[in-house]
Amino acid sequence: QVQLVESGGGLVQAGGSLRLSCAASGVNFSRYLMGWFRQAPGKERDFVAAITWNGGTTHYADSVKGRFTISRDNRKNTVYLQMNALKPEDTGVYYCAADLSVQGYAAAYYYDYWGQGTQVTVSL
């Protein structure tokens, strides 16, 4: 049974930092491209960042470039999202996802498995 479990969300003031983690089980983690998406209330789920199986290539949404960093530790079956200089518009539920086929990374439909999400709230 595949499980992706996110953690690390919370309430932070604008300009602050958070580090999200996503622990995977039931999958051959090192074979998957891993991504982070976020969903604000009343909005669609948007791409945030992705990382290839060996961490060699990363992709970011324009809105988070220079502020967020995605990384992974295949020994721990975990992917991370370091978020710095947070803004109120970064508020939302953050989801991690696993993509085996690697036909793309920026759209939710490419991904095979999803976590249940962790809430990030950035206040002024």
Side-chain angles (χ1 to χ4, degrees):
Q1 181 180 358
V2 177
Q3 271 197 316
L4 301 177
V5 180
E6 301 96 337
S7 61
L11 174 64
V12 63
Q13 286 189 327
S17 298
L18 284 174
R19 189 193 194 204
L20 305 184
S21 300
C22 171
S25 61
V27 295
N28 189 344
F29 181 76
S30 61
R31 295 179 59 192
Y32 285 78
L33 177 144
M34 297 298 296
W36 285 97
F37 287 72
R38 66 187 180 192
Q39 189 166 19
K43 296 189 176 182
E44 294 186 349
R45 193 170 296 189
D46 291 331
F47 170 74
V48 174
I51 187 167
T52 53
W53 68 275
N54 63 351
T57 302
T58 56
H59 306 279
Y60 296 94
D62 288 342
S63 59
V64 306
K65 279 181 183 176
R67 300 188 297 122
F68 290 12
T69 302
I70 188 171
S71 61
R72 68 190 295 162
D73 186 342
N74 287 346
R75 297 167 300 174
K76 296 182 178 180
N77 284 5
T78 301
V79 62
Y80 305 96
L81 186 67
Q82 177 67 44
M83 305 187 295
N84 299 328
L86 283 160
K87 305 175 181 180
E89 50 264 44
D90 294 319
T91 293
V93 178
Y94 282 69
Y95 299 90
C96 73
D99 172 10
L100 180 60
S101 63
V102 198
Q103 296 181 6
Y105 60 84
Y109 58 76
Y110 287 123
Y111 291 80
D112 303 293
Y113 302 106
W114 292 84
Q116 292 191 330
T118 185
Q119 176 70 44
V120 171
T121 304
V122 184
S123 63
L124 287 170

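Residue numbers run from 1 in the order of the sequence given. Values below: all heavy atoms of this structure, side chains included; hydrogens, waters and symmetry mates excluded. Model, not experiment: these values are computed from the prediction.
Tyr32 is listed as a side-chain neighbour of Val27, based on a closest heavy-atom distance under 4.5 Å. Contact check for Val79 versus Leu4: no side-chain heavy atoms found under the 4.5 Å cut-off. Between Val12 and Thr121, every side-chain heavy-atom pair lies at or beyond the 4.5 Å cut-off.
Clustering ILVMFWY residues whenever any of their side-chain heavy atoms sit less than 4.5 angstrom apart, transitively, puts Ile51 in the very cluster that holds Leu100. Connection of Met34 to Trp114 is not established within any shared hydrophobic cluster, with ILVMFWY side chains joined at heavy-atom distances below 4.5 Å, either directly or through further cluster members. Both Trp36 and Tyr60 are assigned to one and the same hydrophobic cluster, defined by single-linkage of ILVMFWY side chains at heavy-atom distances under 4.5 Å. Note on Val64: it does not cluster hydrophobically with Tyr80, by side-chain heavy-atom contacts below 4.5 Å among ILVMFWY residues. No chain of hydrophobic side-chain contacts below 4.5 Å, direct or via other Ile, Leu, Val, Met, Phe, Trp or Tyr residues, connects Trp53 to Ile70.
With sequence neighbours excluded, the residues satisfying side chain to side chain contact (heavy atoms under 4.5 Å, CB included) with Ala107 are Tyr109, Tyr110. Gln116 meets the side chain to side chain contact (heavy atoms under 4.5 Å, CB included) test with no other residue; sequence neighbours excluded.
Of the inter-residue distances, the one linking Leu81 atom CG with Phe68 atom CZ reads 6.0 Å to the nearest 0.5 angstrom. Once rounded to the nearest 0.5 Å, the distance linking OG of Ser17 with CZ of Arg67 reads 10.0 Å. Atom CD of Gln3 and atom SG of Cys22 lie 10.5 Å apart (nearest 0.5 Å). Summarising the geometry, atom OG1 belonging to Thr91 is positioned 7.5 Å from atom CD belonging to Gln119; distances are rounded to the nearest 0.5 Å.
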- Message: With side-chain contact (heavy atoms from CB on, under 4.5 Å) as the criterion, how do Arg38 and Asp90 come out once you've worked through the C-alpha distance, each side chain's angles and the decisive distance to 0.1 Å?
- Response: CA-CA 8 Å; Arg38 66 187 180 192; Asp90 294 319; 2.8 Å; yes
- Query: Can you check side-chain contact (heavy atoms from CB on, under 4.5 Å) on Gln39 and Tyr95, steps first, answer last?
  - Reply: CA-CA 8 Å; Gln39 189 166 19; Tyr95 299 90; 4.0 Å; yes
- Task: I would like to know whether Leu20 and Glu6 meet side-chain contact (heavy atoms from CB on, under 4.5 Å); could you show each step before the answer?
- Result: CA-CA 7 Å; Leu20 305 184; Glu6 301 96 337; over 6 Å; no
- Query: Which is it for Asn28 and Ser30 under the side chain to side chain donor-acceptor pair (under 3.5 Å) test, yes or no, and what are the steps along the way?
  - Reply: CA-CA 6 Å; Asn28 189 344; Ser30 61; 3.3 Å; yes
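The cationic group of Arg72 lies under 6.0 Å from the six-membered ring centre of Phe29 and within 45° of the ring axis, placing it in a cation-pi geometry.
Remark: Glu89 CD is packed, more than 12 non-hydrogen atoms of other residues, nucleotides or ligands lying under 6.0 Å away.
Nearest heavy-atom pair across Leu33 and Ala50 is CD2-CB, 4.1 Å. For the residue pair Val120 and Leu18, the shortest heavy atom distance occurs at CG1-CD1, 3.9 Å.
Taking the six-membered ring where the residue is Trp, Phe37 and Tyr111 present perpendicular rings, their angle passing 60° and hence far from 30°.
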